[in-house]
Amino acid sequence: MIQSIDYYAVAPLLILAITAGLVLLLDAFLPRRPHVRRALGGVTLAGVSGALAVVASQAMRTGGPLKTFCVPDGLLGPSGGAGGGAALLTAPPVAGQVAAAPCSFVVDDFTLIFAGLALAAGIVVVLLSAAELASGDIPVGEWYFLLLCMLAGAVALPASRDLIMLLVALELVSLPVFALTALKRYDGRSSEAAVKLFLVSVVSTAVMLFGVSLLYGTTGTVYLDRIAQALREGVPPSIAGLGSGQGVAGGAGVYSSSLEIGHDLPAVVTAAVVLVLAGFAFKIAAVPFHAWAGDVYQGAPIPVAALLSVISKAAGFAGLILILVIALGSQAATWVPLIAIIAALTMTVGNLLAMRQRHAVRLLAWSSVAQSGYILAPLGVRNDEAMSASIAYLVFYAAMNLGAFAVVMLVSRRSPRNELDDYRGLVFQNPAAGLALAFFLVCLAGLPPGLAGLFAKIVVFREIVDGGGGWLAVVMAVNTVIGLYYYVAWAVRIFTPAPVTTGGVMDMTAGADGSRTGWVPAGVAIALAAIIAVAFSIAPQIVLDLLPAAFVTPG
């Protein structure tokens, strides 16, 4: 009775974990030299690229999903249901049908899309990190170790098919982030951001654990597909057959009990849905759980703000979609209207707050909150294809937002205040960076020639209208117009000539101290994001073809 492990399925995780350990060892034994910092960045970049290559190979293979960490055959009853100690983990099989063994880790199309997105964004964040670490103020080994751990969680989360693994992966995404935020020592603003992020993470985890415990107590299983089956049938698997003298596995006397437990608990299930939704709303900075975003983004190092806006957000949405669609699909009448209201509030509040900002990172922070509302919107209608619209929008958004953060990273080297007025005349000082940022901003606004953002919004609009969410589509249309204001206002500054100074044209490749170290990786990050955004604008079908036809394959 040995549990087999498919090492090919978990290969991206193993590569990231081995690379993280290697980075720590190299940092401990190599001398503190500038070339060592670059070498550790190279090792990290190689590890993330290797994991992405494995994900690409998994996507190109034929056949069904890869599954591992499944219940061993020895714990399955004669009908395919789990017996003995596994009885509380699985639901009873349907009569006359052999139930498949539940698995905790499934690599299907849904998993591959989110894993590929996290790793591709991770490459850009590693490049931005190299620029951030060039000054030598931040411990390099710890930074890359934490970043790799966070990426491992982001890859594991969409593959998780039980509540325990889902929560562990979600915390693996969350915990390293506030440590990364605090690594900028002797910076009061970073310390404040780290404390706020820590408190938010603790509260959201506590709320989510309470909801998860109610789900487990109601259904008696931790596997998402078994939870769905138990909620559909209204019979908790842990008490199915009890009271009739039959054990869970069908054998007399096995966990038998005459205690009759009422299992019609709609109020408990509703509370569980609300608590789980609230926990994930903290993670994705959805209203009314958004207040931390502005201060944390501004206080954190820019690479951390970038990964919060893309990788952490993608992981949060992956977990939310898994819980809602696989486990709580039968409870859609409860969570669909809640999601619609939260989406409308999130996009509205995010856009209104972004309009008032004069700091570049804070504007991107509140813009990211508004974008969360757009991603949530398709989940607020009853439409089988709506989930794919959310995924498509998330992929488009990731490329555009990472590119904007990359340019902000470059400008912040010369202008530490990083206010919008510091971007005045950027296209004349650095044409490549200025044009790239303007393109990313019009993409986020959904204006030509940034067609990637336009296609993303069209996909979401179509699914919302088809799903009967006319009022939500109107709210999104109004918010899209509001978003145009601050995106266009920022882009106009880029093309507005700056006041003439005695210093002549500003050298954007040099830092405030005149040092040029770190601008190359930032420039490469900008180029990569621009190439991807242009490709999505020219051929958006690249993204649409990647979306799974059936959305997810239950474990």
Side-chain angles (χ1 to χ4, degrees), residues 200 204 207 270 273-294 309 313-314 316-321 323-325 328 331-357 363-394 396-397 400-401 444-446 453-487:
V200 168
S204 64
V207 171
T270 300
V273 172
V274 172
L275 289 171
V276 170
L277 181 56
F280 277 106
F282 273 110
K283 303 293 184 183
I284 62 176
V287 174
F289 311 101
H290 66 290
W292 59 273
S309 72
K313 189 181 296 290
F317 273 106
L320 179 64
I321 292 172
I323 288 283
L324 294 182
V325 177
L328 301 174
Q331 306 300 310
T334 300
W335 56 260
V336 163
L338 285 176
I339 291 286
I341 294 171
I342 291 174
L345 290 174
T346 300
M347 64 179 75
T348 302
V349 172
N351 278 320
L352 292 178
L353 288 173
M355 289 178 64
R356 302 177 61 249
Q357 304 307 314
L363 188 150
L364 288 176
W366 296 122
S367 164
S368 178
V369 171
Q371 300 290 345
S372 292
Y374 300 145
I375 300 169
L376 273 174
L379 303 178
V381 297
R382 297 174 182 271
N383 191 337
D384 293 338
E385 299 297 326
M387 312 305 170
S388 295
S390 290
I391 300 173
Y393 194 100
L394 185 59
F396 284 119
Y397 156 81
M400 300 178 291
N401 217 52
L444 288 169
L454 179 62
F455 286 125
K457 287 181 170 59
I458 288 175
V459 169
V460 170
F461 269 116
R462 183 184 62 195
E463 298 306 331
I464 293 175
V465 173
D466 290 346
W471 71 270
L472 187 56
V474 172
V475 173
M476 184 175 175
V478 172
N479 276 279
T480 299
V481 175
I482 296 174
L484 292 178
Y485 169 76
Y486 58 84
Y487 287 129

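As a basis for the values below, the full set of heavy atoms in this structure was taken, side chains included, without hydrogen atoms, waters or symmetry mates. Count residues from 1 along the sequence.
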Closest approach of [X] and [Y], non-hydrogen atoms and distance?
| X | Y | result |
| --- | --- | --- |
| Ala473 | Ile464 | N-CG2, 3.8 Å |
| Val207 | Ala278 | CG1-CB, 4.0 Å |
| Phe396 | Ala456 | CD1-CB, 3.6 Å |
| Ala365 | Gly294 | CB-CA, 4.1 Å |
| Met347 | Ala377 | CE-CB, 4.2 Å |
| Lys283 | Trp292 | O-CZ2, 4.3 Å |

[atom2] on [Y] to [atom1] on [X], rounded to 0.5 Å:
| X | Y | atom1 | atom2 | answer |
| --- | --- | --- | --- | --- |
| Phe461 | Thr480 | CZ | OG1 | 4.5 Å |
| Met355 | Trp366 | CE | CH2 | 15.0 Å |
| Ile341 | Thr346 | CD1 | OG1 | 11.5 Å |
| Tyr485 | Leu352 | OH | CG | 12.5 Å |

Check: [Y] main-chain N/O paired with [X] side-chain donor or acceptor under 3.5 Å:
| X | Y | value |
| --- | --- | --- |
| Ser368 | Leu364 | no |
| Asn401 | Tyr397 | no |
| Ser372 | Ile284 | yes |
| Lys457 | Leu444 | yes |
| Trp335 | Leu277 | no |
| Asn351 | Ile482 | no |

With a 4.5 Å limit on heavy-atom distance, are the side chains of [X] and [Y] in contact?
| X | Y | value |
| --- | --- | --- |
| Val274 | Leu338 | yes |
| Ser367 | Tyr486 | yes |
| Gln371 | Tyr393 | yes |
| Glu463 | Val381 | no |

Under the side-chain contact (heavy atoms from CB on, under 4.5 Å) rule, what do Thr348 and Val475 come out as? Steps first, then yes or no, please. CA-CA 8 Å; Thr348 302; Val475 173; 4.0 Å; yes

On the 0 to 90° scale, with breaks at 30° and 60°, tag the Phe289-Phe282 ring pair as parallel, tilted or perpendicular.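 Phe289 vs Phe282 ring planes: tilted.
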
Pick one: which of Ile375, Leu376, Leu320 meets side chain to side chain contact (heavy atoms under 4.5 Å, CB included) with Ser390?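 Of the listed options, the one satisfying the test is Ile375.
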
Can you name the salt bridge (Lys or Arg N to Asp or Glu O under 4.0 Å) partners of Lys313, sequence neighbours left out? none

